[in-house]
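See structure below.
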There are 2 protein chains.
Amino acid sequence: MKLMNVKGTSDSLPKEELIKRRVVNTLTSTFEKFGYMPLDTTILCYYDLLASKYAGGSEILKEVYTLNDQGDRKLGLRYDLTVPFSKVISMNVNKNITLPLKRYEVGKVFRDGPVKTGRAREFYQCDVDVCGIEGTFIEAEMLSMTSLCYKKLGIDVYIEVNNRKLLEGFILAAGIDENIKNKVILSVDKLAKIGERGVKEELSSYDIEDEKLDKLFSYFKCTIEELDNLDITNNTFTEGKEEIKELFNYLNSLEITECKFTPYLARGLEIYTGTVFEVFDKKQRIMSAIGGGGRYDKIITNFIEDGNTYPAVGISFGIVPICEILKEEVNEALYDVLIVPMNTNIESLKLANSLRKEDIKVLIEMNNRKLKKVFESADKNNVPYVIVLGENEVNEGTIEIKDMKNKTTSKFNINDIEGMKEYINK
Amino acid sequence: MKLMNVKGTSDSLPKEELIKRRVVNTLTSTFEKFGYMPLDTTILCYYDLLASKYAGGSEILKEVYTLNDQGDRKLGLRYDLTVPFSKVISMNVNKNITLPLKRYEVGKVFRDGPVKTGRAREFYQCDVDVCGIEGTFIEAEMLSMTSLCYKKLGIDVYIEVNNRKLLEGFILAAGIDENIKNKVILSVDKLAKIGERGVKEELSSYDIEDEKLDKLFSYFKCTIEELDNLDITNNTFTEGKEEIKELFNYLNSLEITECKFTPYLARGLEIYTGTVFEVFDKKQRIMSAIGGGGRYDKIITNFIEDGNTYPAVGISFGIVPICEILKEEVNEALYDVLIVPMNTNIESLKLANSLRKEDIKVLIEMNNRKLKKVFESADKNNVPYVIVLGENEVNEGTIEIKDMKNKTTSKFNINDIEGMKEYINK
């Protein structure tokens, strides 16, 4: 049998996975500081749930992995974390949970679609959402959290922020037919990628007159302050304007200076109803967004359809691109100390356990490899300290710690765990 | 559409999930202190891989969820974490990884089998394994780690330890036909559950004479020291005896007193080749094992079949029963502080962010509920501190923190984050 992975899936090996674990732990502990709680939803779902009218849409539905269980029920693997979130709310609200619900979830999703760079068939998503709060107060908090998350990860970012009502208001004010609004938004969304000329060409193909296009693009050059000077009166624009002004008032007060008003930001087509934002790496190591989200007041409302409204705001953190960026920066040692026992198994285990109780990561060499090989592999793996524990040392009650970087050794009493700890953590 | 979960699957809601996260973080950070590295393997596998001759066996194969992708490849969902571990070794050894490989993995597995208490169709496993080290040195270290893990979780345990060679040696020495050895082991494994009488009855049905049974059961009453006095000469026994003596020599030196020699412990039928162990809750809140493992030298060797041997030892931590035990003990507050803004949104966000930077979990009330309601729900959720931030306080530059348990309030300068932090963490 040829052992291989399913196309579009891959295993994450220790070095890579260690980075992912640090990223996920940094993110989730930050989420919890903002009152977001962990949720873990099922991967297996009834196919009907995934296919429900207001879920991911027909494009995604084509990519759902489907299967039948032994009871011949038609099941599917979840393709995102929003449908499961909606399901949990619908099944538990006013029973096991109360709104507002602030939750995060990190988990695998599955899509049986074309495989290319950045698109796998089995991959992690990391979503943070709140359901049950309207307005910009929570949006400002979410952008605060987003800012803190990337700071904690050590990635300098800028965040493009817009409002979908504002963008729609621009389109109406430019005199463009409302019926092609969504197509226009989809084109405008490509502005960063294909430039003004590319977008204009695409829009011309929808028979939009040049002067309307010029008008639209002039709006896209506005600052927040200039919005008040525009001669636009439609309600969609006015609502959007008030929201974006309020939001930036919060952001400025909180000194979240990495947020930039980007009047043409659309962030995809259908689901967003107000504030939208996307996070970019300042150093441009990854060109596409490494996080993003916004307000989507209708998804859960339409999904549950119980007559109540379920306003929601959320952000997705791009675990895959974030790990990709940090991979280049982090070259963490896999452990702090390597102990090489020379007929001193018991003493080595004892020493290792004492150090481990002090939160030090210790590997014991157990395969009796030659010392030269052991030191070579310690070097290769960036292990900072090596202890060769011989019988003489044990009899003398001393141990020598070798600093692999400085090629120096230091001697300690074998019971002086505190001293070793200080030396190792220095 | 009726929203419901697939039979045998369930969502983990925030309170429950918070406990699981703490458990997983406690365990994995301990694993890393022993030099185990995280690994994350694919859930989707080729069906042939799961069905390979030496994988989980025909019983498990009946329970594999199968599906075809759009390219009509036959796939299955993984049913354990050992087959994926074997796959990763086979695909990467001497390329991206070198042996010994110490890894842990926490992930969901899927089985389309009968649903009952403790058996779900989609559930978490947490496996720690090392491949490439023979002998009791690593086994002693693994039991050290196991002991430390449960201590860190705050669960008092005892660990039953045995050796499969010893057990097989007993069976041979009792004069029982080697051909029914595995059936006998399976029966003996039920000793704790159905008692000596039950096991003897079952064994009698295989036509084993009473005197042989009596002999077998007399062996089961031995202490480690008494093993040397037994009049048994078969090699299997002798090997097993030497191994178990060596292992307990380590354990005694390391003062891992919770390990108990249990000569009848079998731990399932097929895979184990030497040391086996199972972990039990001393308080017996869960009667079945809450962890267990042992040496399995043939699984990966037979799986890869490249002419090399792949000795392995592993332990599975029962995430589900561990969370079940801790659920009763942990009643953690979901957050440390609730801030209720009274027309002070910006100041509340600022205060919250300052506290969050000090690692304090802060929720801001954003739905303008009545104060009475807010306090009621804070009480219900064990929130320890509440800050009602009014305009007067902001103007005065002070804030009052209400201690919900003692029903006292303390006043702080609005910039005295250090003081608040000390008060909240006290």
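In the text below, chain A, chain B and the rest are named by the order of the sequence lines, each starting its count at 1.
Only the backbone of B/Ile360 comes within contact range of chain A, with at least one heavy atom under 4.5 Å from a heavy atom of that chain. Interface residue A/Leu77: only side-chain heavy atoms are found under 4.5 Å from chain B. Using a 4.5 Å cut-off between heavy atoms, B/Asp359 touches chain A through backbone and side chain atoms alike. Neither the backbone nor the side chain of A/Tyr36 comes within less than 4.5 Å of any heavy atom in chain B. Within the 4.5 angstrom heavy-atom criterion, no atom of B/Phe31 approaches chain A. Only the backbone of B/Ser10 comes within less than 4.5 Å of a heavy atom in chain A; its side chain stays farther off. Of the atoms belonging to B/Arg356, heavy atoms from both backbone and side chain fall under 4.5 Å from chain A. For chain B, the nearby part of A/Thr66 is the backbone; its heavy atoms alone come within less than 4.5 Å. Contacts of A/Glu358 with chain B are absent, with no heavy-atom separation under 4.5 Å from either backbone or side chain. Looking at B/Leu101, the atoms closer than 4.5 Å to chain A (heavy atoms on both sides) all sit in the side chain, from C-beta outward. Neither the backbone nor the side chain of B/Pro84 comes within less than 4.5 Å of any heavy atom in chain A.
Judged by distance alone, with hydrogens and angles left aside, the side-chain atoms of B/Glu141 form no donor-acceptor pair with the main-chain N or O of A/Leu349 at under 3.5 Å. Under a 3.5 Å cut-off, the side chain of A/Glu17 and the backbone N or O of B/Met37 do not form any donor-acceptor pair. When atom types are taken as modelled, the side chain of B/Gln70 and the backbone of A/Asp112 share a donor-acceptor pair closer than 3.5 angstrom.
Residues A/Arg21 and B/Pro38 approach most closely at CD-CB, 3.8 Å, considering heavy atoms. Taking every heavy atom of both residues into account, B/Asn367 and A/Gly132 meet most closely at ND2-O, 3.0 Å.
Ion pairing of B/Lys108 with A/Glu122 is absent here, as no side-chain N (NZ or NE/NH1/NH2) approaches a carboxylate O to less than 4.0 Å.
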Stepwise side-chain contact (heavy atoms from CB on, under 4.5 Å) check, A/Val362 with B/Phe34: CA-CA 6 Å; A/Val362 185; B/Phe34 284 77; over 6 Å; no
Step-by-step side-chain contact (heavy atoms from CB on, under 4.5 Å) determination, B/Val6 to A/Thr42: CA-CA 8 Å; B/Val6 173; A/Thr42 66; 6.0 Å; no
Working for side-chain contact (heavy atoms from CB on, under 4.5 Å), residues B/Leu254 and A/Asn353: CA-CA 9 Å; B/Leu254 296 169; A/Asn353 283 354; 4.3 Å; yes
B/Tyr46/A/Asn5 under side chain to side chain donor-acceptor pair (under 3.5 Å): CA gap, chis, key distance, verdict: CA-CA 7 Å; B/Tyr46 281 115; A/Asn5 277 330; over 6 Å; no
Test side-chain contact (heavy atoms from CB on, under 4.5 Å) applied to A/Leu39 and B/Leu13, step by step: CA-CA 5 Å; A/Leu39 184 69; B/Leu13 297 180; 3.9 Å; yes
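Distance check, rounded to the nearest 0.5 Å: CG of B/Leu44 to NZ of A/Lys7 gives 14.0 Å. If you take CD1 on A/Ile346 and CZ on B/Phe137, they are separated by 9.0 Å, rounding to the nearest 0.5 Å. With values rounded to the nearest 0.5 angstrom, A/Lys102 atom NZ is found 5.5 Å from B/Met366 atom CE.
A/Asn96 has its side chain out of reach of B/Lys15: every pair of non-hydrogen atoms, C-beta onward, lies at least 4.5 Å apart. Residues B/Lys87 and A/Met4 fail the side-chain proximity criterion, which asks for heavy atoms closer than 4.5 Å. When side chains are defined from C-beta on, B/Leu75 counts as touching A/Tyr65, because their heavy atoms get closer than 4.5 Å. For the pair B/Leu334/A/Glu32, no side-chain contact is recorded, criterion being any heavy-atom separation below 4.5 Å from C-beta on.
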